[in-house]
Amino acid sequence: MFIQPLVPAGHSLVLSFILAAAPILTTLVLMGVLRRPAWQATLGGLTVGVIMALTVWGLPASLAVASISNGVIFSFLPVMWIALTALFLFNIAKESGRFDAFRQWIITHLPNDRRIMLVVLGFCFSAALEGVAGFGTPVAITSALLIMLGFPALEALTYVLIFNSAPVAFGGLGIPITVLASITGLPADTLGATIGHQIAPFAFFIPFYVMVLYAGWSTLRQIWPVLVVASGSFALTLVVTSSWVTYSLTNVLSSCVSLLATIVFLKLWQPTPDPAHAIDAAILQQAPRKEGDWNGPHWQGWIPWITVVLVVVVWDALHIAKIGAMPIKWPGLDHQVFISLYQKPYAAVWNFEPLGTGTAILLSALLTALFTRLAPRKIWAALVTTARQGWLAVVTVALTIGLAFLMNYSGMTYTLGYAVASTGVLFPFVSVFLGWIAVFLTGSDTSGNALFGNLQVAAAHQLSLDPVVFASANSSGGVMGKMISPQNITTGVAVTSLKGQEGVVLARTFKHSLFLTICLGIMVAVQQFVMR
């Protein structure tokens, strides 16, 4: 059995921390500074990770291969299975004409103001998609819609990535919190409520923040009422649902309430028309249609999105994902590594769920095709388009999560965590960066909670701090790392003209991710030392 060393580099925790962070820094520099495509950056990070794992941490080559392969398979199912089926739903909507119908519905029923479009779609609508899918697909779908409304691709993707941070902790029907509770042994409802209190101020603040980035401070005077309604209804519903209803429906209910409240409010109040933010007249006109295209009422543009929300919620309520599910112990890796930090063997179990959330989204896509009477040749065209859009994202995510698993089983990840937990009185501030690092690596708040949830609790006990606050901080910190995750960015660019320019996107979002994480760290410190 391989015993993970916590301080392998010359008995120096600082040097060990730097070497453990080298794969992450390599990926960030290649993407954000040298502007290399995401697959090249993650391949570079994985290469450095393998070198460090074998030479500094002393991980046997057989375990390195097993851990990377485990990560690669996990990246296929469930991660990219969810992302690809959501992209398939998006392409079914496009082939059936319902995506364009949704665009036309938005143009018809919302003010002719790109700022309003950005709030309704980038914040409210994207959050609803995050509640049922996640893994970058809300970013891809919403960005594509904004581009169709005249937004430059880089602007659309950047702002949606920032908006997408708010709902992540409760995404996928609250699965990140379910995993966090199972890992830490803390009550899921208590964790959900605490995370809700940590995230709610940011959910309220981020729409104002993005609007200043997009249109400047002066725009707040013009559209602040709709920002208050959109962000306020979301944040209020988030707190109420996570505290007194159920954390699993928090994101779905918050986003639906916010979307409905904002649309209704815009029927009663609209900003003063501003030509500087009006949509170009050519875009407002109906696109020329090909023979055989659907040409009906615009409300049918809602069919794909209502279908997927209903199917996934019912799927979860009936526990269909558990049918046929089985845990598979990874050969040559399960219990072959000893976690020094936790003093226990490291399990390696792949949960095979053939009827998981991705399958529910696939069913939603097929039902959408049925409801819209889409011809088989167009269903096939949607499938081909999805494969063309998604293959590079699959490669990138496989490399990224392969690196994450390698760092986990070699002990590099636990060296990072051990170093951060050793900061003593500064831990309440820096703990959020553990979640931030974990989600950067895995692209998933769920995986980030599984990775560092226990470490946060152990450090909190050691420092006589509240374990619930810091387990929650891990999830909340991960939320802010989502906008810079190679997986999230790569899936997002899949349907835009920015393929191969993931580094440009990272450079645009990194400073915002860092700033918001620092703000969250301050809030967690206040929550621990002032509010308790």
Side-chain angles (χ1 to χ4, degrees), residues 127 130-131 162-172 174-181 183-184 186-209 231-232 234-251 253-255 258 420 426-439 444-446 448-449 452-453 455-457 459-460 463 465-483 512-532:
E130 180 68 36
I162 299 172
F163 272 134
N164 186 242
S165 58
V168 165
F170 295 95
I175 189 63
I177 297 172
T178 301
V179 169
L180 183 61
I183 289 293
T184 62
L186 298 170
D189 290 336
T190 304
L191 288 169
T194 305
I195 292 170
H197 293 157
Q198 291 175 347
I199 293 297
F202 290 89
F204 182 81
F205 167 71
I206 282 176
F208 291 86
Y209 181 77
S231 61
F234 186 96
L236 181 60
T237 307
L238 186 150
V239 171
V240 170
T241 309
S242 63
S243 300
W244 296 292
V245 183
T246 173
Y247 70 88
S248 63
L249 292 178
T250 293
N251 194 44
L253 292 178
S254 298
S255 58
S258 178
V420 172
L426 294 177
F427 179 69
F429 177 74
V430 301
S431 67
V432 294
F433 280 95
L434 285 178
W436 184 80
I437 290 170
V439 174
S444 162
D445 203 40
T446 302
N449 287 340
F452 280 142
L455 176 62
Q456 298 271 15
V457 171
L463 298 169
L465 302 173
D466 188 338
V468 173
V469 169
F470 291 97
S472 302
N474 191 79
S475 188
S476 300
V479 161
M480 304 308 174
K482 188 81 169 177
M483 69 182 82
H512 304 298
S513 175
L514 196 61
F515 170 70
L516 292 170
T517 306
I518 291 171
C519 291
L520 179 62
I522 295 171
M523 173 170 289
V524 169
V526 170
Q527 197 174 29
Q528 170 63 47
F529 295 122
V530 178
M531 300 176 64
R532 292 188 179 261

Sequence neighbours excluded, which residues qualify as side chain to side chain contact (heavy atoms under 4.5 Å, CB included) partners of [X]?
| X | result |
| --- | --- |
| Phe433 | Trp436, Leu514, Thr517, Ile518 |
| Thr250 | Phe170, Leu238, Thr241, Ser242, Tyr247, Ser254 |
| His197 | Val239, Ser243, Gln527 |
| Leu426 | Thr423 |

Query raised in the report: Do the rings of His512 and Tyr209 sit parallel, tilted or perpendicular, given the 30° and 60° boundaries?
Result: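 Aromatic pair His512/Tyr209 classed perpendicular.
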Taking the side chain as every heavy atom from C-beta outward, state whether [X] and [Y] have any pair of such atoms under 4.5 Å apart.
| X | Y | value |
| --- | --- | --- |
| Phe163 | Ile206 | yes |
| Val432 | Met480 | no |
| Asn164 | Met483 | no |
| Ser255 | Glu130 | no |

I need the minimum non-hydrogen distance between [X] and [Y], along with the two atoms involved.
| X | Y | result |
| --- | --- | --- |
| Leu180 | Gly453 | CD1-CA, 3.8 Å |
| Ser472 | Ile195 | CB-CG1, 3.4 Å |
| Val457 | Ala471 | CG2-CB, 4.0 Å |
| Val468 | Thr190 | CG1-CG2, 3.9 Å |
| Leu434 | Phe427 | CD1-CE1, 4.3 Å |
| Ser431 | Val524 | OG-CG1, 4.4 Å |

Got a sec, which residues hit side chain to side chain donor-acceptor pair (under 3.5 Å) with [X], two or more places apart in sequence or on another chain?
| X | answer |
| --- | --- |
| Ser231 | none |
| Thr246 | Ser248 |
| Asn449 | Asn474, Ser475 |

Query raised in the report: Going from CE on Met523 to CD1 on Ile199, what distance comes out if it is rounded to the nearest 0.5 angstrom?
Result: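 Atom-to-atom, Met523:CE and Ile199:CD1 are 9.0 Å apart.
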Query raised in the report: Atom CD of Gln456 and atom CG of Leu186: how far apart are they, to the nearest 0.5 Å?
Result: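 Between Gln456 CD and Leu186 CG, I get 11.5 Å after rounding to 0.5 Å.
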**Report entry** Side-chain (Asn251) to main-chain (Ala169) donor-acceptor, under 3.5 angstrom
**Finding:** no
Query raised in the report: Hey, is the main chain of Leu520 close enough, under 3.5 Å, to the side chain of Gln198 for a donor-acceptor pair?
Result: no
Query raised in the report: Phe208: what forms a ring pair (Phe, Tyr, Trp, His ring centres under 6.0 Å) with it, not counting sequence neighbours?
Result: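 Ring pair (Phe, Tyr, Trp, His ring centres under 6.0 Å) check on Phe208 returns Phe204.
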